[in-house]
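Only one structure is covered here, and it is reproduced in the block below.
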Amino acid sequence: MSPDRAPVGALFRRFRERLAAEGPNRIGGTGFRADHGPKVTASRVPLPDGHDTGAGPGARGGRATAADATRAEAGAGPRPRRDVEPRRRRGGGGGGEPLNVPPAEFTSYYGRPVVKPPVWKWDIAAYLFTGGLAAGSSLLAAGGQLTGRPALRRAGRLASLAAVTASAYFLVNDLGRPSRFHHMLRVAKLTSPMSVGTWILAAFGPAAGVAAAAEAAPWLPERGLLGLGRRLLPPAGQAAGLVAAVTAPALATYTGVLLADTAVPSWHEAYPELPAIFAGSALASGAGVGLLAAPTAQAGPARRFAVAGAALELWGAHRVENRLGLLSEPYAIGTAGRLLRTGRALTAAGVTGALLGRRNRALSALSGGALLAAAVCTRFGIFHGGIASTRDPRYTVVPQRERADRRASEQD
């Protein structure tokens, strides 16, 4: 053991004697206060030079603490007073627990999105277009069938089959495996737009296929087994074409309901307009097929479809871009804004050309192409507008605050 170091027993005795001398007010003792120390009156806090602190700015509610005396002894002066006016909780009246901290202006966590963007890619936007095209073309084919316009009926049926086939491809491509579409048919849930849409597509597709196959009946031989098909296909095609036409409105609009049923701010808030926009776009795209493929003498129903679809689509687009307040902004800027403005211009040009080109085959075809391009721009514009509204947190936070303020004002 080193000679300059005291034994351990002696050190322990000194430590015990010091604890006994400090008494119960030592740190950790029975008389020690861990909060603010013993309370003394503000006018009787003694300082080392014999003065009192009085009721200075360090007094809290007419009392000073030992911590203030310690600060004064160290020369730091008493603790400054916090002149904060207590706030009351919202809810009206003078009651409620006082709040010393004002409500935080929350935006998002480090500016990150509040709503997770959908994982859908461009194939879902293409699915929105092809579904509307299939529905509009089947309605056009039914109109040609009922009014005795074979060229219009044929164009509508073939376009409907091609579009619904493309829709099935885009949907399966998004699902990842074809078996997932089959698995969705195991359940019919009326409260799920996805489940209802799957069943609508499953009913529409075979009907559109039979109606399109009936157009090949004149090419079949008159005798044998194929001759039987030549005789049976036309009536079966007429019935299937009417079934597809009955299912077409649901196919055209369910995608709008599907988008509005999500948590995407600009889609969810536009729930009254999206089905109308998609219905008008479907009619306009079907009209475009008729104007492209049918002679002008048989394109009368296509021109009427173009006027009705354009009116419905432009009305819905105007409402979406002006009624939603802050949530209308994603539809007016960026990629979505450019697409929707282009779609409006093409729709107006297509309708004008359809009305003026009653006897001009080239102008009628150009009008049909403009209407089809307008439908593509509209569907992709709506899609990109919703995606953009999930990337900026203010499109989620600001409308929520506004709704909360309106509810509070209504309760008051």
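As a basis for the values below, the full set of heavy atoms in this structure was taken, side chains included, without hydrogen atoms, waters or symmetry mates. Because the structure is predicted, anything quoted here is derived from the model rather than measured.
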Are [X] and [Y] side-chain neighbours, meaning at least one heavy-atom pair lies under 4.5 Å?
X: L274; Y: V257; answer: no
X: E269; Y: S389; answer: no
X: R379; Y: F278; answer: yes
X: L346; Y: C377; answer: yes
X: L133; Y: L372; answer: yes
X: I200; Y: T247; answer: yes
X: N173; Y: K121; answer: no

Rounded distance (nearest 0.5 Å) linking atom [atom1] of [X] with atom [atom2] of [Y]:
X: Q238; Y: L242; atom1: CD; atom2: CG; answer: 7.5 Å
X: L371; Y: L366; atom1: CG; atom2: CG; answer: 11.0 Å
X: L171; Y: I124; atom1: CG; atom2: CD1; answer: 6.0 Å
X: L228; Y: E222; atom1: CG; atom2: CD; answer: 13.5 Å
X: K189; Y: T198; atom1: NZ; atom2: OG1; answer: 12.5 Å
X: L291; Y: R303; atom1: CG; atom2: CZ; answer: 7.0 Å

Check: Is R394 paired with D392 through a side-chain N to carboxylate O contact shorter than 4.0 Å?
Finding: yes
Can you name the nearest heavy-atom pair linking [X] to [Y], along with the distance?
X: A207; Y: A240; answer: O-CB, 3.4 Å
X: L139; Y: A245; answer: CD2-O, 3.5 Å
X: T130; Y: A166; answer: CG2-CB, 4.0 Å
X: A244; Y: A208; answer: CB-N, 4.2 Å
X: Y331; Y: L340; answer: O-CD1, 3.4 Å
X: L161; Y: G209; answer: CD1-CA, 3.7 Å

Notebook entry, point to check: If you count the non-hydrogen atoms of other residues, nucleotides and ligands that lie under 6.0 Å from CZ in R359, is the total more than 12?
Noted result: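 Result for CZ/R359: open.
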Any donor and acceptor pair, going by atom type alone, linking the side chain of [X] with main-chain N or O of [Y] inside 3.5 Å?
X: R230; Y: L220; answer: yes
X: E321; Y: A332; answer: no
X: S409; Y: R406; answer: yes
X: R361; Y: L292; answer: yes
X: S281; Y: I277; answer: no
X: H268; Y: T262; answer: yes
X: S364; Y: N360; answer: no

Margin query: Is the ring pair F383/W267 parallel, tilted or perpendicular, if the boundaries are 30 and 60 degrees?
Written below: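 The rings of F383 and W267 sit tilted, inter-plane angle from 30° to 60°.
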Check: Can you tell which of V397, T390, V114 makes a side-chain contact (heavy atoms from CB on, under 4.5 Å) with P265?
Finding: T390
Next item on the list: Mind jotting down which residue pairs meet the ring-ring contact (aromatic ring centres under 6.0 Å, His included) criterion with at least one end in residues 142-178? Sequence neighbours excluded, please.
Entry: W122-F170
Item checked: Pairing residues for R304 by the salt bridge (Lys or Arg N to Asp or Glu O under 4.0 Å) criterion, not counting sequence neighbours -> none
Next item on the list: Go through the steps to decide whether Y127 and D174 satisfy the test side-chain contact (heavy atoms from CB on, under 4.5 Å), and finish with yes or no.
Entry: CA-CA 10 Å; Y127 168 74; D174 177 72; over 6 Å; no
Notebook entry, point to check: Between R344 and H318, is a side-chain contact (heavy atoms from CB on, under 4.5 Å) present by the stated rule, with each step listed?
Noted result: CA-CA 10 Å; R344 284 196 301 269; H318 176 76; over 6 Å; no
Notebook entry, point to check: Can you list the residues that meet the side chain to side chain contact (heavy atoms under 4.5 Å, CB included) rule with P150, with sequence neighbours excluded?
Noted result: R153, R154, Q298
Next item on the list: Determine, stepwise, if the pair E402 / L326 fulfils side-chain contact (heavy atoms from CB on, under 4.5 Å).
Entry: CA-CA 11 Å; E402 292 176 351; L326 178 64; 5.7 Å; no
Note to self: Show, in sequence, the C-alpha distance, side-chain angles and deciding distance for L128 and L259, and conclude whether the side-chain contact (heavy atoms from CB on, under 4.5 Å) test is met.
What the structure shows: CA-CA 10 Å; L128 300 178; L259 296 185; 4.1 Å; yes
Item checked: Side-chain H-bond candidate by donor/acceptor type, S160 with S137, under 3.5 Å -> no
